[in-house]
Amino acid sequence: MYDRIKGFRDFYPEEMQSRRQVMDTVEAIAKQYGFREIGTPALESAEMYADKSGEEILEELYAFEDKGGRSVALTPELTPTVARMAVAKQQELSKPIKWVSTRPFWRYEEPQQGRFREFYQTNVDIFGSSDPSADAEILAVAADALTSLGLTQDDFDFRVSHRDILGGLLESFEGDIETGAAIRAVDKRAKVDHDEYAELLGDAGLSESQIAEFDDLLDTPEDDLDELVAFAGTERVESAVENLQAVLAATADFGVREYCTLSLTTARGLDYYTGVVFECFDSTGEVSRAVFGGGRYDDLIEGFGGQPTPAVGFAPGYATLSLLCQRAGVWPEEELTTDYYVLQVGDTREVAADIARELRERGHIVESDVAGRSFGAQLDYADSINAETVVIVGEQDLEDDNVTLKDMESGDQVHAAVDSFPGDHERPTFDDFAK
RNA sequence: UCCGGGCUGGGGUAAUGGUAUCCUUUGGGCUUGUGGUGCCCAAGACGCGGGUUCGAUUCCCGCGCCUGGACCCA
């Protein structure tokens with residue numbers, strides 16, 4: 001017996017079926033918006049991550065030297081890869097570039113709730129548009145994906161913020177302030193107690209009165225965003241506020257405004273975000289962390305050696321998304337489904353195989369005996385795979401040119417002429433042959 | 001990397017310083033023709049290593065894994 005590697009998971013058929021359904025739903029929505037699926041490598045140059053996030057990041061990666069002496073890493077996220085891909089073909093790709101991808105990622109971290117060393121994400125990104133419609137479309141895809149999973153406004157909430165508003169406000173304060181540290185402090189506001197939060201802001205260079213003032217500003221309601229402009233008096237804050245308002249207005253046109261709440265205290269930890277950022281939260285707060293997040297990262301492509309290219313995207317991870325769905329009671333049943341089990345009694349394989357083939361041609365899930373089992377054992381098995389209908393192909397029935405249809409839920413049975421089964425029926429059941 | 005809780009057949013449990021209970025599960029059978037209720041047979045466990053002891057699943061130590069949290073969340 002070998003053990004599973006820590007932080008990695010096996011998915012058996014029942015659970016996998018539910019996961020597949022959820023991932024397909026999310027991807028289908030993105031594809032309806034014209035996001036095109038891409039395929040990407042599991043390994044990238046370790047340097048790509050070190051350059052973007054610093055050498056320390058390698059500690060949290062599966063990074064190693066391959067047999068050719070290259071320093072490589074299992075991809076911990078998709079953004080650098082898609083940035084690389086966009087840069088490589090920036091001339092020939094028509095803009096905006098809209099890509100979607102679902103696949104595993106790996107990080108060498110301590111597993112905990114909603115976090116594993118191997119995890120699956122769907123990345124949805126738009127490159128080449130700085131228009132607020134692009135930001136809003138990302139929010140719309142995210143909202144549509146969640147609602148098509150059966151989630152409602154009562155289940156989740158997109159907390160929308162803007163990096164430039166935070167940065168711009170901080171910039172307008174007197175003194176030597178570390179913007180990055182201050183933004184990270186804001187990101188922690190809901191998580192730590194107030195004193196600790198104030199201390200973090202203090203460390204970032206804000207005075208006590210500035211901390212109070214800044215904190216007040218973060219609570220500015222949506223209708224009073226102009227007050228922020230007046231406070232800062234800078235063009236940066238003014239255009240950031242305008243941009244945020246334009247994005248929110250666009251989400252209204254796209255029919256997803258109701259899922260978005262202004263929340264200036266939402267910052268996202270990442271340094272590379274530049275404009276609108278948002279995080280999806282479980283409305284009840286039972287999922288203790290953000291379910292997923294996204295935002296605008298206009299400078300990243302240029303940082304990867306490309307021409308300046310605006311970008312916005314989001315990336316739901318299925319570990320937290322499944323927690324949200326389960327909490328809301330919309331996680332798909334983890335139960336196998338089978339349309340037909342074709343049961344053989346005696347030497348009836350040929351007829352049974354014919355019937356099974358015809359049913360499969362109609363698109364159904366059909367199983368038959370491949371283990372030489374007895375009648376009872378076959379019925380047992382049919383029950384265990386939740387077969388809806390069992391087609392009994394037995395020597396006795398065949399003498400009268402019949403097969404028997406058994407509805408597994410009720411146990412009712414009816415004869416059907418073997419010549420007319422499945423015949424013209426697309427999905428024949430007990431009811432179609434019962435008088 | 002750090003902190004807390006945990007670890008007995010595949011799953012859930014019981015007891016115990018002298019190798020383990022019950023339920024469930026899995027496979028087979030109860031005239032190769034009736035499952036989801038029965039019966040019979042079979043399979044299957046003390047996470048790993050060390051220590052104490054005549055003897056450790058039990059007590060002690062270390063490690064591993066699971067779980068929750070911190071850090072981090074790119």
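Convention: sequence-line order gives letters A, B, ...; per-chain numbering from 1. Because only heavy atoms are used, hydrogens play no part in the values below, and waters and symmetry mates are left out as well, while side chains stay in.
Regarding E109(A), its CD atom lies at a distance of 13 Å from the P atom of rA70(B), rounded to whole Å. Atom pair D380(A):CG and rU37(B):P shows a separation of 10 Å (rounding to whole Å applied). Distance, E409(A) CD to rU34(B) C1': 17 Å, rounded to whole Å. As rounded to whole Å, 10 Å separates atom C1' of rG33(B) from atom CG of L379(A). In this structure, the CD atom of E110(A) is 11 Å from the C1' atom of rC65(B), given to the nearest Å. We find that CZ of R117(A) is positioned 13 Å from C1' of rC72(B), with the value rounded to whole Å. Rounded to an integer number of Å, the gap from CD of E196(A) to C1' of rA70(B) is 11 Å. In this entry the distance linking CZ of F430(A) with C1' of rG35(B) reads 16 Å, nearest Å.
Heavy atoms of G372(A) sit nowhere under 4.0 angstrom from any nucleic acid atom. Heavy atoms of Q344(A) sit nowhere under 4.0 angstrom from any nucleic acid atom. Using a 4.0 Å heavy-atom distance criterion, G293(A) is classed as making no nucleic acid contact. Here E59(A) lies out of heavy-atom contact (under 4.0 Å) with every strand. Within the 4.0 angstrom heavy-atom criterion, base atoms lie near L61(A). If you check every strand for non-hydrogen atoms under 4.0 Å, G376(A) touches nothing. Within the 4.0 angstrom heavy-atom criterion, only backbone atoms of the sugar-phosphate kind lie near Y272(A); the bases stay farther away.
Donor-acceptor pairing under 3.5 Å, judged by distance alone, is absent between the side chain of Q113(A) and the base of rG68(B). Remark: the D383(A) side chain and the rG35(B) base include a donor-acceptor N/O pair separated by less than 3.5 Å. Judged by atom type and distance alone, R115(A) reaches the base of rC72(B) through a side-chain donor-acceptor pair under 3.5 Å.
Under a cutoff of 6.0 Å and an axis angle of 45°, R9(A) and F11(A) do not form a cation-pi pair.
Side-chain atoms of N243(A) and V276(A), non-hydrogen and from C-beta on, do get closer than 4.5 Å to each other.
Side-chain proximity of Q413(A) to rC2(B), rG35(B), rU34(B): nearest is rU34(B).
Atom C1' of rC40(B) sits at a distance of 45 Å from the matching atom of rG68(B), rounded to the whole Å. On the C1' atoms, rG33(B) is 32 Å away from rG44(B), given to the nearest whole Å. To the nearest whole angstrom, the two C1' atoms, one in rG12(B) and one in rA20(B), are 16 Å apart. Spacing between rU53(B) and rU58(B) at atom P, rounded to whole Å, works out to 16 Å. Only the P atoms considered, rG5(B) is 43 Å distant from rA42(B), to the nearest whole Å. Taking the P atom of each, rU16(B) and rC73(B) are spaced 49 Å apart, rounded to whole Å. Annotation: rC48(B) and rG11(B) have their C1' atoms spaced 22 Å apart (nearest Å). Taking atom C1' on both rC41(B) and rG4(B), the two are 47 Å apart, rounded to the nearest angstrom.
Contact check on D380(A) versus R373(A) returns no salt bridge, with no Lys/Arg side-chain nitrogen under 4.0 Å from an Asp/Glu carboxylate oxygen. Salt bridge annotation for E109(A)-R117(A): absent, with no cationic side-chain nitrogen under 4.0 angstrom from a carboxylate oxygen. Using a 4.0 Å cut-off between charged nitrogen and carboxylate oxygen, R296(A) and D135(A) count as a salt-bridge pair.
Across all non-hydrogen atoms, the minimal contact from G317(A) to Q121(A) is CA-CG, 3.8 Å.
Positionally, the nearest nucleotide of RNA chain B for A377(A) lies more toward the 5' end than for the other of G114(A) and A377(A). When the nearest nucleotides of RNA chain B are assigned to R184(A) and S374(A) by heavy-atom distance, the more 5′-ward of the two goes with S374(A).
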Dump the intermediate steps for ring pair (Phe, Tyr, Trp, His ring centres under 6.0 Å) on Y318(A) and Y120(A), then the final yes or no.
-> CA-CA 6 Å; Y318(A) 290 93; Y120(A) 287 72; 7.7 Å; no
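OP1 and OP2 of rU67(B) both lie 4.0 Å or more from every side-chain N or O belonging to Q112(A). A sub-4.0 Å separation between OP1 or OP2 of rU34(B) and a side-chain N or O of Q378(A) is absent. Taking only side-chain nitrogens and oxygens, R373(A) comes nearer than 4.0 Å to OP1 or OP2 of rG28(B). For the pair K188(A) and rC72(B), the criterion of a side-chain N or O lying under 4.0 Å from OP1 or OP2 is met.
Taking the six-membered ring where the residue is Trp, the centroids of F292(A) and F314(A) are separated by under 6.0 Å.
Around CD of E361(A), the count of heavy atoms belonging to other residues, nucleotides or ligands within 6.0 Å exceeds 12.
Consecutive pairing runs in RNA chain B reach the stem threshold at B:1-7 with B:64-70, B:10-12 with B:22-24, B:25-30 with B:38-43, B:47-51 with B:59-63, where a stem means at least three Watson-Crick or G-U wobble pairs with distances under 3.5 Å.
Taking the salt bridge (Lys or Arg N to Asp or Glu O under 4.0 Å) definition, one finds that K6(A) meets it with E110(A), sequence neighbours left out.
Regarding the sugar-base torsion, rU19(B) falls in the syn class, its angle being within 90° of 0.
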